[in-house]
Amino acid sequence: MNIARKGPGAGSRSPRARLVSSAPRRSLNGTWQFRVSPGLAAAPDDGWDTDDAGWATGEQWTTIPVPAHWVLEGHGKPAYTNTRFPFPIDPPHPPAENPIGDYRLVFDAEPEFLDNAVLRFDGIESAAEVRLNGRLLGETRGSRLTHEFDVTGTLRAAGNVLAVRVAQFSDASYLEDQDMWWLPGIFRDVDLVAVPERGIWDVFAVTDFEAADGTGTIDLTVEFNGEASGRFRVPELEIDVEVTGGGVIGAGQVEPWTAETPRLYAATLQTETETVELQLGFRRVEVKDSVLLVNGAPIQIRGVNRHEHDPDQGRVFSAERLRQDLVLMKQHNVNAIRTSHYPSHHELLRLADEMGFYVVLECDLETHGFVDLDWKHNPSADPAWREAYLDRMHRTVNRDKNHASIIMWSLGNEAGTGENLEAMAAWTRAFDPSRLIHYEGDWSSTYVDVYSRMYASFEETRQIGEEVLTPAPFSATAAEMHRRELPFIQCEYAHAMGNSPGGLGEYQDLFDRYPRLAGGFVWEWIEHGIRTEDGTGYLYGGDFEEETHDGNFVIDGLVSADRKVRPGLTALAHWYAPVRIDVSDTGIRIQNRHDHRDLSHLRLVWRAESDGKQAADGELKLDTVAPWETVEVPLPEQDAEIITVEAVHLDRPEWAAEGHVIARGQRAWLNPAEVPLETSVPQREAFDAVSLRLQQLGGLKLDGPVVSLWRVPTDNDRRPGWDEIKEPPYAARWEELGLDRLRTRVVSAEERDGALVVRTRTAPPGRECAVDAEYTWRRVSDTAVTVEIGLTPDGVWPVEWARLGVDLVLEGAPQGMDWRGLGPGPSYPDIAAGPYWGDHHADADELLTPFVLPQESGARAGVRRASIGTEQGTLAVTVLPGGTSGGAEEVAVTVSPYSRKTLASTTHQHLLQADGRTHVSIDLFQSGVGTAACGEGVLPRYRLAARPGRVTLLLEHIQG
Ligand code: GAL
């Protein structure tokens, strides 16, 4: 086995479409014999792969499921690196420490496979040598690509010996340096597929739609097995024609396919020995004047990047997980998927056609690690790798070429640039002119059809949108002139790592404003956590004793590895919604944000609530609202506290849960709470003698309030961001300043105007900048007090704060919270869309977001009143009207079973130890979260420069 040779695999048949066929197929998945050796030199040649079904496996042998990754089956360990190779860059040589897996299966074959068949492997990481009955069939390269080997004449009825030697690393590893776990093994299906004589080897059906007259065409190319012809039928279109090699078939009037209207027509191609089924979607993808069009109309990509990942199975395909993903995407208004950074399992395409997603299908290619050598030796520019590159693209395009959902072929990800990529583009363009070619790494856009970037800043994105609105500069080069004709997409933006991504609304506004900006794909869909053995948590890079790794950078998704929705996805659903509803004092504005359909498939229902009760409801009657049209209707009700308008389906699609809301708009005019009239000076015994913090409220034991300015650093706070003015990350600057170690001194305590007035000064150690606080306490009853809190910064604060608020600690673990405000999920200033006004509840385990790396989370914003349940009773916090003192009308409340210190010092969610108390933060202001983990930091408008704040709270111990 030569795994150091820069070439493609060898011996397999030419790649073809994955067809739904009547040809017999037999899965060879199941339990195989298996052993692993530490390196190629150590892998025994002891007769295991000869034509001897009776060969006795020795004690190094065990069994393994196929498909699976052997490192997730107890043989070795997974390893994570982002861009760098975990071995020296010495192409095409893999490292000597290179686990080799030997797989062996003895099987019988039914008669229908004996005349003519192929053995099909859908995915082996990273290189394999395949032998059947002692005969070398060939080698695979391209871990996520299909290889079919002809077994005609070699396969026999009984006792076939299939022997597959798999190298964890190979020359191919240099081309597969994606930011993900290194997970070797036969991890996708293995099948025996009959190839009937006079049957169908391959079909390529290019469908087109002419928007001007509503007609479709099918350009068919068929490759038969031997002398044959077939009948091609599309019953719904009354097409029934004889096909010998292909040609263009007029389909007449058709309903076009779009991601919004995924109309498919069932077609069959039949010979005397085989029938294949196709699902045809008629659509045209094109670029005109730097705008991306589908069926003549501009489209907006509302996309996500999707890797394949399961916390237990890695990249092994699971139909349930896939469906779960696509259903969640639909439910959150996602309309596009980039299969980062390799072709997904082919089932994704079938579902994308059917459910309606635009797909950017990416080739299995990334050579990112060469960036560390300034791209020296990059295979993309080395002619010796040319065939390997082309082979990857041939396999990518051929397998999925019949899927309407694919609108672009992507050459790969982060592979620098070079002639091999150009060759891939040229071949693809000639083979399939019906789709566009995408590759982000072609920075001058000479061989691509879309201008693509990742994490372009707001300002740069704006400039890219704007530049084509004015004539080209006189000095523009030919390449620049070409690029000006191209639409722009962000193939990655809004990095969803931890408490993130901030700034979705700002990007969306730009996409809306400039026709050239065709939207983008959020990075990324799934967190790649690997489940702990005891099932209580997830692991990340470095948890498997890797010497070289990139920590938790692999945990950056809109959903957890188990597909729990992270708050970023709720925000995304708002910005991606195909309808926008704004309710204001004067009326309701409804914008249809579909590209291809009016709103007649939706209902717009409204309800009016006061005092937490529904007062009235109804439905808005709209005339036809064309794509991108905005209409205004009057408010149906004037004097309610909250008016909510929701867009729901008339006929619920199968992916939508009962009562699914597509988009929501609200207007809240919440009545202020009543101020207690009778108050007196509170008793001193309720306060700590030294700190003068409240210790007792009715039967509740508590401690606080104390000024708080810090948060447990989020993933974004820990990284510097891509801002032009380079500052160290917030986490480092806060720590340097001592924001996490504030100290408070009581300045004075006196009775004044029937109240106890306590003044304190809070400052970091070794600094003189401070926050002066004044707490004015009034007793309302045995179980209630009010406190007016005035916070005033003093001196020069060298860094923005994370929050301005106060902390309280209650005895007893938290048991949940009820509140009136925004919910049910958390929000921070730049990730605030999604939560809505109302009366909400969170159970104890919903108070915080269980991010794999513990960090600040869970703030419920817009809170007017919150009842915080603890083991010892309930504390109700009510914001009293600010009146003339300009106090806040609402606060953000965060309730946690962990202290910030615990959260900040614990590496994994499942290792957190609760201390049996309830940690409450009541904030007047919070900093945004930004997306500095990869991209721009917190925008200036969401940063929290030192500032004063004021609020009056009613604190009550609620009995029972
Ligand atoms: C991009 C890359 C992705 C991922 C992301 C950061 O540069 O294409 O694969 O690494 O950054 O999470």
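In listed order, ligands and their atoms are each counted from 1.
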Could you tell me whether Glu176 and Arg144 make a salt bridge, using a distance below 4.0 angstrom between a side-chain N and a carboxylate O? yes

Residues forming a ring-ring contact (aromatic ring centres under 6.0 Å, His included) with Trp375, sequence neighbours excluded: none

Between Ser318 and Asp310, does any side-chain donor sit less than 3.5 Å from a side-chain acceptor? no

Is it true that Asn552 and Arg718 share a donor-acceptor pair across their side chains at a distance under 3.5 Å? no

Which protein N or O atoms sit under 3.5 Å from any N or O of ligand 1? Give each pair with its distance.
{"unit_1": "ligand 1", "atom_1": "7 (O)", "unit_2": "Glu414", "atom_2": "OE1", "d": "3.2"}
{"unit_1": "ligand 1", "atom_1": "7 (O)", "unit_2": "Glu414", "atom_2": "OE2", "d": "2.6"}
{"unit_1": "ligand 1", "atom_1": "8 (O)", "unit_2": "Asn413", "atom_2": "ND2", "d": "2.9"}
{"unit_1": "ligand 1", "atom_1": "8 (O)", "unit_2": "Glu414", "atom_2": "OE1", "d": "3.0"}
{"unit_1": "ligand 1", "atom_1": "8 (O)", "unit_2": "Glu492", "atom_2": "OE1", "d": "3.2"}
{"unit_1": "ligand 1", "atom_1": "8 (O)", "unit_2": "Glu492", "atom_2": "OE2", "d": "2.7"}
{"unit_1": "ligand 1", "atom_1": "9 (O)", "unit_2": "His341", "atom_2": "NE2", "d": "2.6"}
{"unit_1": "ligand 1", "atom_1": "10 (O)", "unit_2": "Asp179", "atom_2": "OD2", "d": "2.4"}
{"unit_1": "ligand 1", "atom_1": "12 (O)", "unit_2": "His495", "atom_2": "NE2", "d": "2.7"}
{"unit_1": "ligand 1", "atom_1": "12 (O)", "unit_2": "Trp523", "atom_2": "NE1", "d": "3.0"}
{"unit_1": "ligand 1", "atom_1": "12 (O)", "unit_2": "Asp556", "atom_2": "OD2", "d": "3.0"}

Only one of Glu936, Glu460, His495 forms a side chain to side chain contact (heavy atoms under 4.5 Å, CB included) with Tyr455, so which one is it? His495

Asp122 side chain to His345 side chain, donor-acceptor N/O pair below 3.5 angstrom: no

